[in-house]
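Side-chain atoms are counted along with the backbone in the values below, which use heavy atoms only and exclude waters and symmetry mates. FYI, the numbering just counts along the sequence from 1.
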Amino acid sequence: MSSPVPPPVPAPRWSPETLARAGVQRDWVDADDRPHRVPDATIEAVLAVVGEPPADLADRAPVVTRPGRRTGLAGAVLLEDGGTARLDDVVPDDFPLGYHRLRVDGGAERRLVVSPGRCWLPPERTWGWAVQLYAALSTTSAGIGDLGDLRTLREWTERRGGGFVVVNPLHAVAPVLPLEASPYLPATRRFRNPVYLRVEGFPDGGGDRPSPATVDRDAAWEHKMRVLRTTFADRGEEPAFDAWRAEQGAALEEFATWMVLATEHGGDWRAWPASLHDPHGEEVRRAAAERRDDVTFHAWLQWLLSEQLREASGDLMVIQDLPIGVSGGGADAWAWQDVLARGLTVGAPPDALNSVGQDWGSPPLVPWRLRAADYEPFVQSVRATIAGAGGLRIDHVMGLFRLWCIPEGASPTEGCYVRFPADDLLDIVCLESHRARAVVVGEDLGTVEPGVAEALAERDVLTYRVLWFEPDDPATWPVGSMATVTTHDLPTVPGLWTGSDVEDQLASSTMAGDDVRAGRQELLQQLLRDGLSEEATATEAVVEAYTQLGRAPSLLVSLSLEDALGEERRPNVPGTTAPARANWSIPLPTPVDRLDDAPGPATLVALVDGHTPTTGG
């Protein structure tokens, strides 16, 4: 009897060239070095959204380069300062850095971005505080930590010899109640949240009172809007605001218009009347004209935010966080509909941070459409987040290389990676860092593919070293890093040590108890490796953690105010939502204008304020 004939192997539906042009990655390796192949159904769903770039994109896309490099192009250059120059293949060493226009000989006009290729670095090792600004209430806060409290923190840090403060993203959310609590799902990455403005008075008529059990954003928002509306109505001529508004141009007007429309129609533009979906359409222009005073009010709030942040930061580095994306119904998604991938969300495959993967709810940018848009959405987001502060922490920096994209309705495990032009994006970050003299930290936790660490180090983007995840002694960590014990998504030292963090997770999530407890035991080993007694107090555990951290030669050493003040609750438990848990709403237990009364901060500073290797400049 003859052997059965095997069925023919079906030809692949998509050629490698098609996938490469779209940036879709068919095969990938997880954090445990296990290879995976993405199912056809996922590839089909992602390709349907991402699409293929036009054939002539390579001839008109931006050219991102550095002095001394060959471009393969020649032509006349209109410099961003209005001058002119000539490019003949190699970029001269003295060619101006910046964003220029290149008229290629016999070809199209293209954006020419000339980058220094390296980020700015502070000259020596320093320490600073990591804080959730909404949590940093003082006895004079109007219901939420604000920019006045940031100024108090800055001045207090300077007095103690610190060099920076790291804060959560300060970006705006939709102006509708309930306010979005997560700083990592903003409506925009270009404009700030007015809830952080310092205003006089208290929403509850109180004052000089202990911190509340949770931050009530909605009450703070309503109170501040009443005060600010009155102030706006009573204001006189403000030529400084008028000049600043003119400098901001169309982007500010568009955002302010979105805020007005969102107030009336809701925080998701996709649910607005169809006539308002086009930011440049006739109905939007008519609405902006009819509500001109309201548009001006929201532009004015952004000016106040800019002024208050500048005053709060002073000469200290305030490192702001750049979220991986924005809300799909928000202002940036409205403005850049043609660049975002509607029908996909960004997340992460299963890894040490989350065994079932994560879906962060933000639509990704389409890589080739971002190139076709001259990278402008990315440039504006980076520049606006750095502005007025002096530092940038890029959340999930691996997203500049590739993003885990999940088709609408699928689980986080059913996604695939889409690749991005990382070299171009990183060199744009370098240019913005150089111009703002702002340090850049890349949050590189999770599944990190080969080559990422080297690319970041080559550009002086500081890596992120977290004690909980590092098996090696902090003394061996690289100088080019920010060192910390924990993050907003991980346990505080007191919460881990007492076990209350485990109880918090189990009470607010569906995570398996055995997995949560096993995770705690794994993290505890980092505290016990130097001989800390299991009978030690939580305070002694904090001292042990920061004794280890003090050995790190890292350029930036970040201290947690939660740890310093004995707070057992972490800011956020991933995968949980209200009302099960008050994520992003837990205040510090001590008002920030009373920090000198608490012994913990001085203890931590003494443990890390040691040797000072120098670099940068």
Side-chain angles (χ1 to χ4, degrees), residues 118-132 153 157 161-169 316-324 353 382 385-386 389-400 426 429-430 433 436-446 448 452-470 472-490 492-493 526 545-546 548-564 571 604-605 607-616:
R118 287 187 176 275
C119 292
W120 179 86
L121 288 174
E124 60 184 15
R125 180 183 185 267
T126 188
W127 61 268
W129 295 104
V131 63
Q132 303 293 308
L153 274 170
T157 301
F164 65 90
V165 173
V166 186
V167 296
N168 58 279
L316 193 77
M317 277 193 298
V318 174
I319 302 174
Q320 298 184 80
D321 219 333
L322 180 71
I324 191 64
L353 291 174
V382 171
T385 305
I386 287 179
L392 182 72
R393 176 188 175 275
I394 303 177
D395 187 50
H396 194 71
V397 72
M398 299 87 74
L400 301 186
L426 285 170
V429 169
C430 290
S433 165
R437 291 180 61 81
V439 68
V440 177
V441 180
E443 187 267 294
D444 50 354
L445 306 178
V448 183
V452 169
E454 293 79 5
L456 298 180
E458 188 252 325
R459 292 173 173 85
D460 287 335
V461 176
L462 303 185
T463 187
Y464 200 55
R465 294 300 171 105
V466 180
L467 185 72
W468 290 154
F469 291 152
E470 294 295 332
D472 299 327
D473 190 287
T476 68
W477 296 358
V479 171
S481 66
M482 172 183 274
T484 185
V485 170
T486 186
T487 77
H488 54 255
D489 286 334
L490 295 171
T492 67
V493 177
Q526 309 299 74
Y546 286 86
Q548 292 187 32
L549 193 72
R551 298 197 292 264
S554 305
L555 193 58
L556 302 181
V557 180
S558 176
L559 318 179
S560 162
L561 265 177
E562 284 89 0
D563 285 342
L604 267 57
V605 169
L607 293 172
V608 303
D609 192 10
H611 55 292
T612 55
T614 59
T615 185

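The shortest distance between side-chain heavy atoms of Asp395 and Leu322 does not fall below 4.5 Å. Residues Asp321 and Asn168 form no side-chain contact, since every pair of their non-hydrogen atoms from C-beta on lies 4.5 Å or further apart. Counting heavy atoms from C-beta outward, Pro122 and Leu555 have side chains that approach closer than 4.5 Å. Counting heavy atoms from C-beta on, the side chains of Tyr546 and Val557 never come closer than 4.5 Å. At least one side-chain heavy atom of Val461 sits under 4.5 Å from a side-chain heavy atom of Cys119. Under the 4.5 Å side-chain criterion, counting only non-hydrogen atoms from C-beta, Val397 is not in contact with Glu443. In this structure the side chain of Leu490 reaches within 4.5 angstrom of the side chain of Phe469, judged on heavy atoms. Counting only heavy atoms from C-beta outward, the side chains of Leu153 and Leu561 approach each other to under 4.5 Å.
Contact detail for Trp129 and Ala564: the closest heavy-atom pair is CZ3-CB, 3.8 Å. The two residues Ala545 and Val493 make their nearest non-hydrogen contact at CB-CG2, 3.9 Å. Ala552 approaches Ala483 most closely through the heavy-atom pair CB-CB, 4.0 Å. When all heavy atoms are compared, the tightest approach of Phe164 to Trp127 is CE2-C, 3.3 Å. Closest heavy-atom contact between Leu445 and His396: O-ND1, 4.5 Å. Here the shortest heavy-atom pairing between Gln526 and Gln548 reads O-NE2, 2.8 Å.
Remark: the backbone N or O of Asp489 is paired with a side-chain donor or acceptor of Thr487 at under 3.5 angstrom. Remark: the backbone N or O of Ala438 is paired with a side-chain donor or acceptor of Ser433 at under 3.5 angstrom. One N or O on the side chain of Asp444 and one on the backbone of Tyr464 form a donor-acceptor pair closer than 3.5 Å.
Distance check, rounded to the nearest 0.5 Å: CD1 of Ile386 to CG of Leu392 gives 4.5 Å. Atom CG of Leu549 sits about 8.0 Å away from atom OG of Ser558, to the nearest 0.5 Å. The distance from the CZ atom of Arg125 to the CG atom of Asp609 is 7.5 Å, given to the nearest 0.5 Å. Rounding to the nearest 0.5 angstrom, the gap separating the CZ atom in Arg118 from the CG atom in Asp460 is 4.5 Å. Met398 contributes atom CE, which lies 8.5 Å from atom CD1 of Ile324 (distance to the nearest 0.5 angstrom). In this structure, CG on Leu467 lies 11.5 Å from CG on Asp472, to the nearest 0.5 angstrom.
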May I have the step-by-step check of side chain to side chain donor-acceptor pair (under 3.5 Å) for Thr486 and Trp468, ending in yes or no?
-> CA-CA 6 Å; Thr486 186; Trp468 290 154; 3.2 Å; yes
Test log, rule side-chain contact (heavy atoms from CB on, under 4.5 Å), inputs Leu316 and Val165 | CA-CA 8 Å; Leu316 193 77; Val165 173; 3.8 Å; yes
Starting from the C-alpha separation in whole Å, work towards a yes-or-no answer on side-chain contact (heavy atoms from CB on, under 4.5 Å) for Arg459 and Val440.
-> CA-CA 10 Å; Arg459 292 173 173 85; Val440 177; over 6 Å; no
Derivation and outcome, side-chain contact (heavy atoms from CB on, under 4.5 Å), residues Met482 and Val439 | CA-CA 11 Å; Met482 172 183 274; Val439 68; over 6 Å; no
